[in-house]
K.L.:
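What follows is a structure written as structure tokens; I'll ask about it next.
So you know, we letter chains A, B, ... as the sequences are listed, proteins then strands, and number each from 1.
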Amino acid sequence: MASNVSSNSRPSVMSTKIVIAGGFGAGKTTLVGSVSEIPPVTTEAVMTEASIAHDDVSSTPDKVTTTVAMDFGRLTLDEELIMYMFGTPGQARFWFMWDDLVRGAVGAVVVVDARRLADCFDAIDYFEKNQNIPYIIALNRFDGEREYTVEQIREAVEVGPDVPIIEFDARDRLSSGSVLKQLLKYTLSRPEQPELVG
Amino acid sequence: MRSHRRRRGARIRPYTFTGGRTRSRHPLMVQTLVSIADPRAELPRNLMPESQQIYELCAQVRSVAEISAELKIPLGVTQVLLSDLADQGLVYIHPTITGHSPSENQVLERALRGLERLFQ
Ligand SMILES: Nc1nc2c(ncn2[C@@H]2O[C@H](COP(=O)(O)OP(=O)(O)OP(=O)(O)O)[C@@H](O)[C@H]2O)c(=O)[nH]1
Ligand SMILES: [Mg+2]
């Protein structure tokens with residue numbers, strides 16, 4: 001099984017990251033908790049607002065800083081490789097912090113609640129604009145009826161045929177693990193992207 | 001099924017983790033691992049209390065995010081303090097695999113094999 005990172009102090013140990021994005025309550029933390037070898041950890045970031053979100057009435061214009069909580073999990077993939085899974089804050093008003101969270105990610109999963117498709121548009125817009133991060137869509141059915149086919153959902157969320165859409169159950173370890181595998185396969189299948197981030 | 005997705009204009013605004021000033025000097029991302037540069041070195045003197053706590057945690061390999069969570073120091077501040085410790089040669093910053101360079105594909109393949117082992 002997975003070796004323990006903490007007993008390993010060799011400088012050759014390295015890490016990587018994938019991002020779990022999606023709408024409010026779509027199942028991001030559930031996914032992270034299903035696959036992680038540690039219980040999801042919550043950490044806080046204090047955000048400095050350089051300008052005011054004019055298109056978001058819920059933001060507080062007078063505040064200079066905002067504290068945003070996010071959670072992450074960890075997987076030891078081999079003796080020298082750790083992967084972190086970072087959940088983005090679900091509330092749209094925190095979309096701005098994604099840049100810091102997403103920077104350097106090998107890929108992203110956009111978790112979609114099949115009953116509330118519109119909630120994922122912010123996340124999809126973000127990754128459509130940041131072409132250097134490969135992303136896939138993971139459809140969390142929430143035990144719901146299969147009202148729409150995957151192709152209908154592809155049309156509704158307006159993503160091209162190349163973006164994989166897979167159905168899964170965020171509460172299920174193997175199902176969530178298969179989402180991560182799919183993302184890595186997709187990342188590896190893509191042609192080389194130019195380095196766009198520092 | 002009608003599409004409702006709105007394509008908004010450029011919404012990228014200059015928000016950043018507080019304390020992001022060190023980023024250009026060291027590639028310290030939330031997932032980046034750090035550890036004490038010389039495990040046999042004595043505890044350095046004159047460190048600020050937070051920096052000393054961070055240094056002590058670095059006795060084992062940990063990510064920036066894990067240190068931030070464990071010490072309840074916001075991510076941006078943790079990045080700044082770690083960057084200063086690295087500048088002083090006290091802390092080693094491990095490689096971070098971003099997948100942006102072809103030379104990293106072998107590592108991504110290792111990552112996939114690891115996932116296949118764990119979730120078969
Ligand atoms: N029935 C059912 N419940 C689910 C499923 N996935 C998640 N849930 C529940 O839905 C709720 C929200 O899930 P979370 O994982 O917290 O969602 P999230 O995306 O992290 O939410 P935010 O971080 O608040 O945006 C929780 O109560 C979960 O237990 C699912 O597949 N089926
Ligand atoms: Mg959550």
Side-chain angles (χ1 to χ4, degrees), chain A residues 2 5-6 8-9 11 13-17 35 41-51 65 72 75 77-78 81-84 86 95-97 99-101 103-107 118 121 124-125 132 148 152 155-158 173-174 177-178 180-181 184-185 187-188 192-193 195 197-198, chain B residues 1-8 10-20 23-24 27 29-33 35-36 39 59-63 65-66 68-69 72 74-77 92 94-102 104-105 107-120:
Chain A
V5 200
S6 46
N8 194 334
S9 58
V13 181
M14 52 194 148
S15 64
T16 187
K17 167 178 74 182
V35 293
V41 182
T42 300
T43 184
E44 287 193 338
V46 179
M47 309 300 297
T48 304
E49 302 189 18
S51 67
T65 59
F72 65 91
L75 276 175
L77 296 180
D78 64 36
L81 184 59
I82 316 292
M83 173 179 273
Y84 289 93
F86 277 85
W95 67 270
F96 51 75
M97 74 174 293
D99 277 351
D100 284 282
L101 219 49
R103 204 166 58 95
V106 297
F121 294 167
I124 291 175
D125 279 347
N132 55 324
Y148 306 110
Q152 282 172 317
E155 222 172 274
V157 299
E158 291 179 22
R173 181 177 172 274
L174 285 183
S178 72
L180 305 189
K181 285 191 274 185
L184 257 289
K185 282 182 194 152
T187 298
L188 277 163
E192 285 314 323
Q193 299 296 308
E195 171 100 43
V197 288
Chain B
M1 191 173 184
R2 216 166 59 86
S3 164
H4 300 285
R5 186 158 142 234
R6 292 165 295 162
R7 286 198 187 272
R8 298 196 178 113
R11 296 181 63 197
I12 307 302
R13 283 186 294 259
Y15 290 87
T16 162
F17 286 157
T18 293
R23 286 230 220 80
S24 53
M29 292 174 265
V30 290
Q31 72 275 27
T32 302
L33 297 171
S35 61
I36 285 179
Q60 299 176 332
V61 181
R62 282 170 212 268
S63 64
E66 283 164 320
S68 162
K72 298 191 169 52
L75 273 170
V77 179
Y92 172 72
H94 293 244
T96 310
I97 303 303
T98 63
H100 291 300
S101 140
E104 293 179 333
N105 267 1
V107 185
L108 294 187
E109 274 155 20
R110 267 170 55 199
L112 179 57
R113 281 198 298 276
L115 289 174
E116 279 169 344
R117 248 190 329 269
L118 289 169
F119 304 103
Q120 54 188 319

K.L.:
Any idea which heavy atoms bring A:Met83 and B:Ala111 closest together, and the distance?
P.N.:
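Minimum heavy-atom separation between A:Met83 and B:Ala111: CE-CB, 4.5 Å.
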K.L.:
For A:Thr42, which atoms come within 4.5 Å of any heavy atom of chain B: side chain, backbone, both, or neither?
P.N.:
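Backbone only.
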K.L.:
Quick one, B:Leu118 and A:Val35 - any side-chain contact, counting heavy atoms below 4.5 Å?
P.N.:
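When only atoms from C-beta onward are counted, A:Val35 and B:Leu118 do not touch, as no gap falls below 4.5 Å.
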K.L.:
For B:Val30 and A:Tyr84: C-alpha separation, side-chain torsions, deciding distance, then whether side chain to side chain contact (heavy atoms under 4.5 Å, CB included) applies.
P.N.:
CA-CA 9 Å; B:Val30 290; A:Tyr84 289 93; over 6 Å; no
K.L.:
Tell me every residue that passes side-chain contact (heavy atoms from CB on, under 4.5 Å) with B:Ser68, counting only those two or more places apart in sequence or in another chain.
P.N.:
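side-chain contact (heavy atoms from CB on, under 4.5 Å) list for B:Ser68, sorted by chain: A:Thr43, B:Leu75, B:Thr78.
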K.L.:
Give the minimum heavy-atom separation between A:Leu174 and B:Gln120, together with the two atoms involved.
P.N.:
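Closest approach of A:Leu174 to B:Gln120: CD2-O, 3.8 Å.
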K.L.:
Taking atom OG1 of A:Thr16 and atom CG of B:Leu33, what is their separation to the nearest 0.5 Å?
P.N.:
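Between atom OG1 of A:Thr16 and atom CG of B:Leu33 there are 10.0 Å.
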K.L.:
Are side-chain heavy atoms of B:His100 and A:Asn132 found at a separation under 4.5 Å?
P.N.:
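Yes, close enough: below the 4.5 Å cut-off.
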K.L.:
Measure the OG1-CZ distance between B:Thr98 and A:Arg103 for me, rounded to the nearest 0.5 Å.
P.N.:
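Rounded to the nearest 0.5 Å, the OG1-CZ separation comes out at 10.0 Å.
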K.L.:
Give, as side chain, backbone, both or neither, the part of A:Leu81 having an atom under 4.5 angstrom from any heavy atom of chain B.
P.N.:
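For A:Leu81, heavy atoms of backbone and side chain both lie under 4.5 Å from chain B.
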K.L.:
Can you say whether A:Leu188 sits under 4.5 Å from chain B via the side chain, the backbone, both, or neither, judging by heavy atoms?
P.N.:
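Contact with chain B is through the side chain of A:Leu188 alone.
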K.L.:
So, using ring-ring contact (aromatic ring centres under 6.0 Å, His included) as the criterion, who are the partners of B:Phe119 when residues are at least two apart?
P.N.:
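In terms of ring-ring contact (aromatic ring centres under 6.0 Å, His included), with neighbours along the sequence ignored, B:Phe119 is linked to no residue.
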K.L.:
Testing the basics here: between A:Val13 and B:Pro95, what is the closest heavy-atom pair and its distance to 0.1 Å?
P.N.:
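Taking every non-hydrogen atom into account, O-CD, 3.9 Å.
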K.L.:
Calculate, to the nearest 0.5 Å, the distance between atoms OG1 and CD belonging to A:Thr187 and B:Glu109 respectively.
P.N.:
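Answer rounded to 0.5 Å: 12.0 Å.
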K.L.:
Which atom pair, heavy atoms only, marks the closest approach of B:Leu112 to A:Lys181?
P.N.:
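That closest heavy-atom pairing would be CD1-O, 3.7 Å.
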K.L.:
Chain A heavy atoms under 4.5 Å from B:Arg113: which part of the residue, side chain, backbone, both or neither?
P.N.:
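Contact with chain A: none, neither part.
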K.L.:
Given side chain to side chain contact (heavy atoms under 4.5 Å, CB included), test B:Arg110 with A:Leu77 step by step and report yes or no.
P.N.:
CA-CA 8 Å; B:Arg110 267 170 55 199; A:Leu77 296 180; over 6 Å; no
